[in-house]
Amino acid sequence: MTQDCIFCKIVSGEVPSDKVHEDDEILVFKDIHPQTPVHLLVIPKKHISSLADITEEDYGLLGRMMGRAHLFATKAGSINGFRTIVNTGEVGRQDVYHLHIHVLGGDAPLPPMVYRNS
Ligand code: AMP
Ligand code: ZN
């Protein structure tokens, strides 16, 4: 557990969350400010700051997180697809520095992924 990390506090139970899946290495819970009808966060229980901080030893864990996204999305009601996003660092506008995969979905197509300025 890393002090002052909100997601580590969710893992430990110090901060409540709306959990939809938990196993020995992964926690999945609903985003507190959902951007879409289905908006889940898939996180590793161990603290990894961002996708820029993983090591080769984390590749299997990341694969299991990403590999189960479809299962989590479907169980949450996003039947016909979903979107995964991993915001990373300043350029990626990451707010919480505990690695997380956003799983976004619902029953209608989402807006375009990235808006162009020109
Ligand atoms: P990011 O900008 O990719 O770092 O996204 C962080 C996400 O964490 C945002 O979508 C927040 O709404 C979400 N979030 C922050 N605190 C909590 C919390 N206590 N429970 C659930 N989701 C949270
Ligand atoms: Zn953490």
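All values below come from the heavy atoms of this structure, side chains included, with hydrogens, waters and symmetry mates left out. Numbering of ligands and ligand atoms starts at 1, following listing order.
- Across all their heavy atoms, Thr36 and Val38 have their closest contact at OG1-O, 2.6 Å.
- Across every non-hydrogen atom of Thr88 and Ser50, the tightest pair is CG2-OG, 3.9 Å.
- Although no hydrogens or angles enter the test, the distance criterion places a donor-acceptor pair under 3.5 Å between the side chain of Gln94 and the main chain of Ser49.
- Of all atoms in ligand 1, numbered sequentially from 1 with element shown, those under 4.0 Å from a heavy atom of Arg93 are 2 (O).
- In plain terms, the two heavy atoms of Ser17 and Ile10 that are nearest each other are OG-CG2, 3.5 Å.
- Residues His102 and His100 place their aromatic rings such that the two centres sit under 6.0 Å apart.
- Side-chain contacts under 4.5 Å among hydrophobic residues (ILVMFWY), followed directly or transitively, place Ile79 with no other residue at all.
- Here the side chains of Phe29 and Val20 are not in contact, with every heavy-atom distance at 4.5 Å or above.
- The backbone of Lys30, and not its side chain, has at least one atom closer than 4.0 Å to an atom of ligand 1 (non-hydrogen atoms only; backbone = N, CA, C, O).
- Between Val96 and ligand 1, a contact under 3.5 Å exists for at least one N or O pair.
- The ND1 atom of His47 and the ND1 atom of His98 subtend an angle of 110° at the Zn ion (ligand 2), given to the nearest 10 degrees.
- Distances from ligand 1 to the non-hydrogen atoms of Asp18 include no value under 4.0 Å.
- Phe29 counts as a contact of ligand 1, since one of its heavy atoms falls under 4.0 Å from the ligand.
- The atoms of ligand 1 that sit less than 4.0 Å from any heavy atom of Asn87 are 1 (P), 2 (O), 3 (O).
- Between Asp23 and Arg68 there is a salt bridge, since a side-chain N of the basic residue sits under 4.0 Å from a carboxylate O of the acidic one.
- For ligand 1, the atoms closer than 4.0 angstrom to any heavy atom of Gln94 are 4 (O).
- Here the protein heavy atom with the shortest distance to atom 14 (N) of ligand 1 is Ile32 CG2, 3.9 Å.
- If you check which protein heavy atom lies closest to atom 12 (O) of ligand 1, you get Asp31 OD1, 2.6 Å.
- Under 4.0 angstrom from ligand 1, the non-hydrogen atoms of His100 all belong to its side chain.
- Not a single donor-acceptor pair under 3.5 Å links the side chain of Glu14 to the backbone N or O of Lys9.
- Contact atoms of ligand 1 toward His33: 12 (O) (distance under 4.0 Å to a heavy atom of the residue).
- Atom 8 (O) of ligand 1 has Phe7 CZ, 3.5 Å as its closest protein atom, hydrogens excluded (heavy atom only).
- Distance from atom 19 (N) of ligand 1 to its nearest protein heavy atom, with residue and atom name: Ile10 CD1, 3.8 Å.
- Under 4.0 angstrom from ligand 1, there are no non-hydrogen atoms of Ile85.
- Close approach to His102 involves these atoms of ligand 1, each under 4.0 Å from a residue heavy atom: 1 (P), 3 (O), 5 (O), 7 (C), 10 (O).
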Criterion side-chain contact (heavy atoms from CB on, under 4.5 Å) on Lys45 and Glu25, from CA distance to verdict: CA-CA 5 Å; Lys45 284 190 165 176; Glu25 60 179 3; 5.6 Å; no
